[in-house]
Amino acid sequence: MLRLYYSPVAALNHTFALSKVHGKAVALAEAEKLNLAGNPYYHTLLGELYRDADRDKAPEHFRLALAVAGNGADGQAIRLTIETL
């Protein structure tokens with residue numbers, strides 16, 4: 001379905017599901033191919049995928065997500081996540 005009706009959100013959801021089925025390393029490889037740098041959800045996903053694997057990259061991606069998301073509800077949720085790292 002992703003091939004027929006591509007959207008960034010569908011690609012991110014697919015990558016998240018991939019992490020649950022095949023592990024975070026496989027999902028990271030696929031996520032980085034997406035190159036959705038202007039999307040806060042992309043950086044949030046990368047932050048979650050790096051959370052256990054790379055303690056430096058996880059907060060970096062959450063900070064990038066916050067920079068893109070701004071001060072709305074998404075930004076507040078990301079700030080809470082950063083505080084819990």
Side-chain angles (χ1 to χ4, degrees):
M1 186 157 130
L2 190 56
R3 290 181 192 151
L4 293 173
Y5 303 104
Y6 178 83
S7 77
V9 172
L12 293 170
N13 286 336
H14 171 77
T15 306
F16 179 75
L18 195 63
S19 75
K20 296 299 182 184
V21 175
H22 297 287
K24 291 181 178 182
V26 172
L28 273 168
E30 291 302 311
E32 292 187 355
K33 291 177 189 176
L34 297 174
N35 195 23
L36 298 171
N39 187 314
Y41 304 117
Y42 171 69
H43 290 293
T44 301
L45 175 62
L46 286 175
E48 289 296 337
L49 294 175
Y50 277 120
R51 187 184 282 259
D52 299 326
D54 190 323
R55 303 298 265 170
D56 294 327
K57 283 190 177 184
E60 175 186 327
H61 280 287
F62 284 118
R63 283 191 292 274
L64 287 169
L66 182 59
V68 176
N71 292 322
D74 288 338
Q76 291 175 349
I78 295 165
R79 269 192 286 286
L80 283 172
T81 301
I82 291 170
E83 290 173 9
T84 63
L85 291 176

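Values in this document were obtained by computation on a predicted structure and should not be read as measured data.
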Exercise. Mind checking who shares a hydrophobic cluster with I82, ILVMFWY linked at side-chain heavy-atom distances under 4.5 Å?
Worked result: F62, L66, I78, L85
Could you note down all residue pairs passing salt bridge (Lys or Arg N to Asp or Glu O under 4.0 Å) where [range] supplies at least one of them, sequence neighbours left out?
range: residues 64-73; value: none
range: residues 8-22; value: none
range: residues 53-81; value: none
range: residues 37-52; value: K24-D52, E48-R51

Problem set entry | Shared hydrophobic cluster for L45 and L64 (ILVMFWY, side-chain gaps under 4.5 Å) | no
Exercise. Under a single-linkage definition using a 4.5 Å side-chain heavy-atom cutoff for Ile, Leu, Val, Met, Phe, Trp and Tyr, are L28 and L36 assigned to the same hydrophobic cluster?
Worked result: yes
For this session: Mind checking side chain to side chain donor-acceptor pair (under 3.5 Å) for E32 and listing every partner two or more places apart, or none if nothing turns up?
Result: Y50
Seminar exercise, completed: Hits for side chain to side chain donor-acceptor pair (under 3.5 Å) against E30, two or more places apart or cross-chain, chain-then-number order -> K33
Shortest non-hydrogen separation from [X] to [Y] and the atoms involved:
X: G38; Y: V68; value: O-CG1, 3.0 Å
X: A31; Y: T15; value: CB-CG2, 3.6 Å
X: A69; Y: P40; value: CB-CB, 3.9 Å

Could you list all the ring-ring contact (aromatic ring centres under 6.0 Å, His included) pairs where at least one residue sits in [range], not counting sequence neighbours?
range: residues 21-48; result: H43-H61
range: residues 63-85; result: none
range: residues 66-85; result: none

Problem set entry | Min side-chain heavy-atom separation L34-N39 under 4.5 Å | no
